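Taking it in order: structure first as structure tokens, then the write-up.
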Amino acid sequence: MTLMVDHRTEVVDALCAYLYEFGYIAPQGIGHPRSLTEVVENENTELPDLVREICRGLLEHIAQTTARELVKQIRT
């Protein structure tokens, strides 16, 4: 369980780092995926298309990892 949570945290950190490179400062911590999604999906943000696609992939990965973690918790 801890490994999956640690991995998810690393992916969130990577996403925050990508956004920071383009001037978007994300709230600290794992509990703010909605605000990260809003930045990535907002067409008015000045993110290059490639960066936007990378960020979308990271957001999808975070969502899948979170879902797997919830399923594990339900089963135990």
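All residue numbers refer to positions in the sequence shown, counting from 1. Worth saying up front: this structure is predicted, and the values here are computed from it rather than measured.
Contact between Phe22 and Leu47 at its shortest, heavy atoms only, is CB-CD2, 3.7 Å.
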Candidate pair Arg68 and Arg8, rule side-chain contact (heavy atoms from CB on, under 4.5 Å), full reasoning = CA-CA 11 Å; Arg68 283 194 300 269; Arg8 182 181 62 192; over 6 Å; no
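No side-chain heavy atom of Thr65 sits less than 4.5 Å from a side-chain heavy atom of Val11.
Taken from CG in Asp49 to CD1 in Ile54, the straight-line distance is 11.0 Å, to the nearest 0.5 Å. Taken from CD in Glu53 to CG in Leu58, the straight-line distance is 11.5 Å, to the nearest 0.5 Å.
Residues Tyr20 and Leu50 are members of separate hydrophobic clusters, defined by side-chain heavy-atom contacts under 4.5 angstrom among Ile, Leu, Val, Met, Phe, Trp and Tyr.
Contact check on Glu69 versus Lys72 returns no salt bridge, with no Lys/Arg side-chain nitrogen under 4.0 Å from an Asp/Glu carboxylate oxygen.
Looking at Asn42, Leu36, Leu19 one by one, the single match for side-chain contact (heavy atoms from CB on, under 4.5 Å) with Tyr24 turns out to be Leu19.
With hydrogens and angles disregarded, a donor-acceptor distance shorter than 3.5 Å links the side chain of Arg52 to the backbone of Val40.
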